[in-house]
Every structure is written in structure tokens, then in C-alpha cells.
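Structure first, then comments.
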Amino acid sequence: MKITPGPRGTARLDLSSAEKSVFASVFSDTAALLGHDEGQDAGELNEAEQLARLVGMGGEVERPTDPALLRLLPDVDPADPERSAEFRRLTDLDLRESKLANLRIALHSLGASGRVELDGPAQRAWLTALTDVRLVVASRLGLETDADLEDLYAREEELPDSEAMLVTVYDFLTWAQERLAGILLDSLTPPEKEDP
């Protein structure tokens, strides 16, 4: 895989089919995790529910029980469950939709044959999507701190194959995110002016 700067602040991703497949898989899995309302059609909602959805507020929203989903949709104040529940009620739908939109942009760009070219907005969508995917993978690996990751690396030889593969995927996603972030930051930095 190569991620290089392109013209006018774009980023170019030269990916093998296997690399595209890894990205597509983790983006799709994260989108499925964020899926909302188990397919409830807007036509099945009463007028008040439709209005609430329109302004980004759903009814009561349960706190996620899946630790990975809770990392994506955290409590606003873990010490105050009531405040967290109210905040979740007001923001859950909008936050999910925002995250899903970034994942869709990333997935859509993978559909292109050959080189993937990302403009500034697409790079930002990818960066956000990669952050969310990395949070899910980190949760599955039990990573909360940098020390947890170092401990995992120290035990890498003893890990079961499935966990070792997740560590490899995590490293792959981390590298891609750091490379894209560097390209985006470089494109935002004005070129240095020469002294006359």
C-alpha cells in the first residue's frame, strides 16, 4: 500500500485488492455496528416520532451494552447516568448518522477501480472513519491505554491467531490514518516564503 500526496491537496491511495478488502470489511462492520432502529421504516413512525427524527432527536435511547459501540457513542458524563441518558436521547441519532456518513464516503471511494483519489473532504471523512474503526478494534483487543498496546506487543508471540490478526489490522489502520493525517496537514500549511 502506498498513500501519497496528489495535486491540489489530494491524497492518492494505491491499494492491492487484499488491502481494499480489509478496508471495506472494517468500514462495513463498523457501519453495521452503528446501524440504528433495526430497519424501522420512517413510514412506520407516528408524526411525533417523525418530527423528532427530523430534528435529530429520537425517543428513549438505551445505553450500548457492546463495549465497542460504547466507545463510539460514549457517555457524556459517566458519573451522572441521568445526564448521560438525556444527552444520548438528544444526540444519538445525529451522531450515528454523522459517523455512518463518513463510513459511506470511505466505502464509496473504495469502489473505484485502480488508484483511489481523495480530495480534502474525502480525506477528512476517511480520517474520521479510521478513528471510529480503530476504536472498535481497540475495544475488541481490550486496549484502553498506550501501556495496554505495549503489553499486547510484548505478548504478540503468545497471542491466538485471531487476536494476532486483529493487532495487524490495528497497526495497518493506524499507519494509514497517520499517513493521511500528515498529507492533509501538509496541504493546509502555507508554503514558506523566500526572503527577498
Side-chain angles (χ1 to χ4, degrees), residues 1-3 11 13 15-16 18-36 38 61-81 83-85 87-88 91-110 116 118 121-185:
M1 173 171 65
K2 281 174 48 179
I3 301 178
L13 284 69
L15 307 171
S16 69
E19 291 161 343
K20 275 189 177 186
S21 179
V22 169
F23 279 127
S25 177
V26 295
F27 290 150
S28 296
D29 289 350
T30 303
L33 185 63
L34 284 163
H36 195 58
E38 285 93 39
V61 179
E62 289 188 27
R63 183 178 187 266
T65 54
D66 182 331
L69 186 55
L70 188 58
R71 292 277 294 268
L72 294 176
L73 306 168
D75 292 324
V76 69
D77 185 353
D80 188 344
R83 182 172 180 241
S84 291
F87 185 80
R88 189 175 300 283
T91 63
D92 186 80
L93 182 63
D94 191 47
L95 185 56
R96 283 177 192 260
E97 283 303 317
S98 173
K99 290 177 179 295
L100 284 167
N102 290 316
L103 289 162
R104 285 183 198 114
I105 290 169
L107 278 166
H108 178 72
S109 65
L110 287 173
V116 176
L118 304 175
Q123 286 178 65
R124 288 188 287 280
W126 262 76
L127 287 170
T128 305
L130 285 168
T131 297
D132 289 341
V133 168
R134 287 182 64 243
L135 284 172
V136 170
V137 175
S139 177
R140 300 293 187 231
L141 288 169
L143 303 177
E144 296 287 332
T145 66
D146 288 341
D148 295 335
L149 184 59
E150 293 305 318
D151 179 54
L152 196 63
Y153 286 146
R155 298 181 299 109
E156 203 163 4
E157 299 285 326
E158 308 155 12
L159 297 176
D161 288 346
S162 60
E163 200 170 348
M165 177 60 83
L166 264 184
V167 171
T168 302
V169 168
Y170 185 80
D171 289 342
F172 172 76
L173 296 170
T174 300
W175 179 84
Q177 185 181 39
E178 288 174 353
R179 186 72 184 119
L180 274 175
I183 290 170
L184 185 61
L185 286 173

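Here the structure is a predicted model, which means the values were calculated and not measured.
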Which pair of heavy atoms, one from [X] and one from [Y], lies closest together, and at what distance?
X: Ser28; Y: Leu107; value: OG-CD2, 3.6 Å
X: Ala11; Y: Leu180; value: CB-CD2, 3.7 Å
X: Leu33; Y: Ala68; value: CD2-CB, 4.0 Å
X: Leu103; Y: Ala129; value: CD2-CB, 3.8 Å

Heavy atoms, side chains only, cut-off 4.5 Å: are [X] and [Y] in contact?
X: Val133; Y: Gln177; answer: no
X: Leu149; Y: Leu141; answer: no
X: Leu34; Y: Leu72; answer: yes
X: Leu73; Y: Leu69; answer: yes
X: Leu100; Y: Arg104; answer: yes
X: Pro121; Y: Arg124; answer: yes

Nearest 0.5 Å, what's the [atom1]-[atom2] distance between [X] and [Y]?
X: Ile183; Y: Arg179; atom1: CD1; atom2: CZ; answer: 4.0 Å
X: Thr30; Y: Arg134; atom1: OG1; atom2: CZ; answer: 12.5 Å
X: Leu110; Y: Glu19; atom1: CG; atom2: CD; answer: 11.0 Å
X: Leu15; Y: Ile3; atom1: CG; atom2: CD1; answer: 7.0 Å
X: Lys2; Y: Ser16; atom1: NZ; atom2: OG; answer: 13.5 Å
X: Thr91; Y: Arg96; atom1: OG1; atom2: CZ; answer: 10.0 Å

With no hydrogens and no angle check, is any side-chain donor or acceptor of [X] less than 3.5 Å from a backbone partner on [Y]?
X: Glu163; Y: Pro160; answer: no
X: Ser25; Y: Ser21; answer: no
X: Ser139; Y: Leu135; answer: no
X: Asp148; Y: Thr145; answer: yes

Next item on the list: Evaluate side-chain contact (heavy atoms from CB on, under 4.5 Å) for Asn102 paired with Asp132, printing each intermediate quantity in order.
Entry: CA-CA 10 Å; Asn102 290 316; Asp132 289 341; 5.7 Å; no

Next item on the list: With Leu173 as reference, evaluate Thr168, Val136, Val26, Thr131 under the side-chain contact (heavy atoms from CB on, under 4.5 Å) test and give the passing residue.
Entry: Val26

Margin query: Strictly below 4.0 Å, N to O, side chains only: are Asp75 and Arg88 in salt-bridge contact?
Written below: yes

Checklist line | Note: Arg71-Glu144 ion pair, threshold 4.0 Å (strictly below) | finding: yes

Next item on the list: With sequence neighbours excluded, give me every ring pair (Phe, Tyr, Trp, His ring centres under 6.0 Å) pair touching residues 122-177.
Entry: Phe23-Trp126, Phe23-Phe172, Phe27-Trp126

Notebook entry, point to check: Pairs in or reaching into residues 127-152: which pass ring pair (Phe, Tyr, Trp, His ring centres under 6.0 Å), with residues at least two apart or in two chains?
Noted result: none

Check: Can you list the steps and then say if Met1 with Leu13 is a side-chain contact (heavy atoms from CB on, under 4.5 Å)?
Finding: CA-CA 7 Å; Met1 173 171 65; Leu13 284 69; 5.7 Å; no

